[in-house]
Amino acid sequence: MSKLAEKVQQELIRAIDNDELVLPTLPEVALKVREAAEDPNIGIPELSKVIGNDAALTARIIKVVNSPLLRTSKEITDLQMAVGRLGINYTCNLATGLAMEQMFQATTDVVDRKMREVWNKSTEIAGICHVLCRHYTRLMPDQATLAGLVHQIGVLPILTYAEEHSELLADSISLNHVIEQIHPIIGDKILRTWEFPELIASVPSQYLDFSRDSAKVDYIDIVQVATLQSYLGSTHPYTQLDWSQVPAFEKLGLSADMDMHGDEDLSAAMDAAMHMLQ
């Protein structure tokens with residue numbers, strides 16, 4: 001590890017330990033959607049009104065409901081119909097995840113490119129999570145999608161820090177090393193601050209523990225397998241791992257040498273899932 005990476009890592013860990021690290025806040029529309037969802041008496045018209053105040057999010061949700069994965073024979077053009085089709089919980093998780101894209105914006109080109117890269121990878125993995133969840137588990141696809149969208153959320157404060165420290169921005173190897181080492185710790189902290197449920201809040205810190213073996217399949221397993229599948233065909237170090245030693249595959253009922261892209265139906269479903277999130 002370079003001296004710069006070591007110094008930055010120590011500074012960030014100290015800031016985390018002392019509660020001095022400025023954590024990002026959820027976009028206002030996501031906060032309002034979550035607040036509405038916590039009302040046991042909330043109805044589709046009320047939730048639609050909250051989401052309808054954000055034109056971009058409204059358009060995204062209508063796009064999702066008309067995607068090949070979810071669409072019915074009749075095209076849906078109205079937000080209230082879209083919420084009715086998806087259901088309140090699904091809509092809330094989707095809206096929360098999609099609203100986060102607003103956070104992946106920076107003031108410098110270098111950091112902006114890196115944020116775009118992280119968000120694009122997150123949507124790719126979220127799409128694979130959605131398909132894995134629907135085809136191989138009885139868990140909730142909306143929760144799996146949200147887990148995929150937030151698994152790298154801890155990268156945000158590191159990139160914000162880098163914007164203020166030009167020496168780190170100038171050294172991409174050190175920056176990437178710091179991100180790899182620290183984003184899981186910060187990610188958990190952010191999601192717990194946002195009061196995400198434990199089954200999703202623990203995803204950032206555990207999805208890279210490839211020896212992890214929980215009692216039953218969960219969202220961490222799904223994000224883990226989706227992450228590995230996303231690097232198939234590349235030279236990424238994850239492709240050099242022995243996937244047969246990763247318990248998550250067995251828990252999902254998948255062969256470790258399976259290539260989801262090689263299955264025509266799964267490949268089409270993944271493409272549709274990724275497209276609906278972009």
Side-chain angles (χ1 to χ4, degrees), residues 12-13 15-39 88-104 115 118-119 121-130 132-133 137-161 179-228 230 247-248 251-252 277:
L12 284 167
I13 287 173
I16 294 166
D17 290 343
N18 296 334
D19 273 335
E20 291 167 356
L21 188 69
V22 179
L23 299 176
T25 55
L26 265 175
E28 189 180 0
V29 65
L31 286 169
K32 286 181 174 172
V33 166
R34 285 182 62 188
E35 190 183 324
E38 283 164 11
D39 177 354
I88 286 175
N89 287 340
Y90 196 120
T91 303
C92 289
N93 282 325
L94 186 65
T96 302
L98 291 175
M100 282 182 201
E101 185 176 8
Q102 298 170 17
M103 301 164 67
F104 285 79
M115 284 195 177
V118 171
W119 178 252
K121 190 66 180 174
S122 297
T123 56
E124 179 190 356
I125 288 174
I128 301 173
C129 285
H130 183 99
L132 284 171
C133 188
T137 79
R138 292 183 176 179
L139 297 172
M140 307 299 291
D142 52 307
Q143 294 268 31
T145 305
L146 183 58
L149 288 173
V150 301
H151 78 287
Q152 291 192 91
I153 198 73
V155 176
L156 280 180
I158 300 170
L159 291 177
T160 303
Y161 176 98
I179 286 171
E180 281 171 25
Q181 294 298 309
I182 301 188
H183 92 80
I185 314 166
I186 300 177
D188 270 27
K189 197 165 184 68
I190 292 170
L191 295 182
R192 289 199 167 90
T193 302
W194 289 350
E195 297 180 352
F196 270 53
E198 182 60 29
L199 73 175
I200 292 186
S202 54
V203 167
S205 67
Q206 295 189 45
Y207 83 98
L208 292 177
D209 176 5
F210 295 115
S211 61
R212 176 184 178 274
D213 195 1
S214 57
K216 57 184 180 180
V217 69
D218 58 20
Y219 296 106
I220 296 166
D221 294 318
I222 293 173
V223 173
Q224 202 167 81
V225 171
T227 299
L228 293 175
S230 77
K251 279 187 275 176
L252 280 160
L277 296 170

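As a basis for the values below, the full set of heavy atoms in this structure was taken, side chains included, without hydrogen atoms, waters or symmetry mates. The residues of the chain are indexed from 1 along the displayed sequence.
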Check: Looking at residues at least two apart in the chain, or sitting in another chain, which of them share a side-chain contact (heavy atoms from CB on, under 4.5 Å) with Gln206?
Finding: Ser202, Arg212, Ile220
Checklist line | Side chain proximity check, Asp142 to Leu94, heavy atoms < 4.5 angstrom | finding: no
Next item on the list: Quick one: pull up NE2 in His130 and CG in Leu146 and give me the separation to the nearest 0.5 Å.
Entry: 13.0 Å
Check: Is the shortest heavy-atom distance from the side chain of Thr25 to the side chain of Met103 under 4.5 Å?
Finding: no
Notebook entry, point to check: Say you draw a straight line from CZ of Phe104 to CE of Met100; how long is it, rounded to the nearest 0.5 Å?
Noted result: 8.0 Å
Next item on the list: Could I get the full list of ring-ring contact (aromatic ring centres under 6.0 Å, His included) partners for His151, not counting sequence neighbours?
Entry: Tyr207
Margin query: More than 12 heavy atoms of other residues, nucleotides or ligands under 6.0 Å from CE of Met140: yes or no?
Written below: no
Note to self: Checking Tyr90 now: which residues fulfil ring-ring contact (aromatic ring centres under 6.0 Å, His included) with it, not counting sequence neighbours?
What the structure shows: none
Next item on the list: For Trp194 and Pro24, indicate whether the former's side chain and the latter's backbone hold a donor-acceptor pair under 3.5 Å.
Entry: yes
Checklist line | OG1 on Thr123 to CG on Leu98, rounded to 0.5 Å | finding: 10.0 Å
Checklist line | Candidates Thr160, Leu191, Ile190 - the one meeting side chain to side chain contact (heavy atoms under 4.5 Å, CB included) with Leu23 | finding: Ile190
Checklist line | Qualifying residues under side-chain hydrogen bond (donor to acceptor under 3.5 Å, both in side chains), relative to Ser230, sequence neighbours excluded | finding: Lys121
Check: Hey, mind stepping through Thr145 and Asn93 against side-chain contact (heavy atoms from CB on, under 4.5 Å) and telling me if it holds?
Finding: CA-CA 8 Å; Thr145 305; Asn93 282 325; over 6 Å; no
Notebook entry, point to check: Does Glu20 have any side-chain contact (heavy atoms from CB on, under 4.5 Å) partners at least two apart in sequence or in another chain, and if so, which?
Noted result: Ala15, Asn18
Margin query: Just checking Glu195: does its CD atom have more than 12 heavy atoms from other residues, nucleotides or ligands closer to it than 6.0 angstrom?
Written below: no
Margin query: Can you give me the closest heavy-atom contact between Val22 and Pro157, atom names plus distance?
Written below: O-CB, 4.3 Å
Margin query: Any donor-acceptor pair under 3.5 Å linking the side-chain atoms of Ser211 with those of Asp209?
Written below: yes
Next item on the list: Please round to the nearest 0.5 Å and tell me the distance separating atom CD1 of Ile153 and atom OG of Ser122.
Entry: 7.5 Å
Margin query: The test is side-chain contact (heavy atoms from CB on, under 4.5 Å); show your working for Gln102 and Val29 and say whether it passes.
Written below: CA-CA 10 Å; Gln102 298 170 17; Val29 65; 4.0 Å; yes
Next item on the list: First locate atom CD1 of Ile200, then atom OH of Tyr219, and finally report the distance between them rounded to the nearest 0.5 Å.
Entry: 7.0 Å
Next item on the list: Answer yes or no: is there a side-chain heavy-atom contact under 4.5 Å between Ile186 and Leu156?
Entry: no
Check: Of the non-hydrogen atoms in Asp188 and Pro204, which two are nearest, and what is the gap between them?
Finding: OD1-CD, 3.4 Å
Margin query: Name the residue from Ile128, Leu252, Ile222 that meets the side chain to side chain contact (heavy atoms under 4.5 Å, CB included) definition with Cys133.
Written below: Ile222
Next item on the list: Determine, step by step, whether Thr227 and Ile125 satisfy the side-chain contact (heavy atoms from CB on, under 4.5 Å) criterion, reporting the C-alpha distance in whole Å, the side-chain angles of both residues, the deciding distance to 0.1 Å, and the verdict.
Entry: CA-CA 6 Å; Thr227 299; Ile125 288 174; 3.7 Å; yes
Margin query: Rounded at 0.5 Å granularity, tell me how far CG in Leu139 sits from CG in Asp218.
Written below: 7.5 Å
Check: Got Leu228 and Phe210 here, is their nearest side-chain heavy-atom distance under 4.5 Å?
Finding: yes
Notebook entry, point to check: Does Asp213 reach the main-chain N or O of Pro247 with its side chain, forming a donor-acceptor pair under 3.5 Å?
Noted result: no
Item checked: Sequence-distant partners of Ala248, side-chain contact (heavy atoms from CB on, under 4.5 Å), two or more places apart -> Asp221, Gln224, Val225, Val246
Check: Is there a salt bridge (Lys or Arg N to Asp or Glu O under 4.0 Å) between Lys189 and Asp19 once you walk through the steps?
Finding: CA-CA 10 Å; Lys189 197 165 184 68; Asp19 273 335; 3.2 Å; yes
Margin query: side-chain contact (heavy atoms from CB on, under 4.5 Å), that's the test. Do Leu159 and Ile179 meet it? Break it down for me.
Written below: CA-CA 8 Å; Leu159 291 177; Ile179 286 171; 4.0 Å; yes
Checklist line | Shortest non-hydrogen contact from Cys129 toward Ala144 | finding: CB-O, 3.4 Å
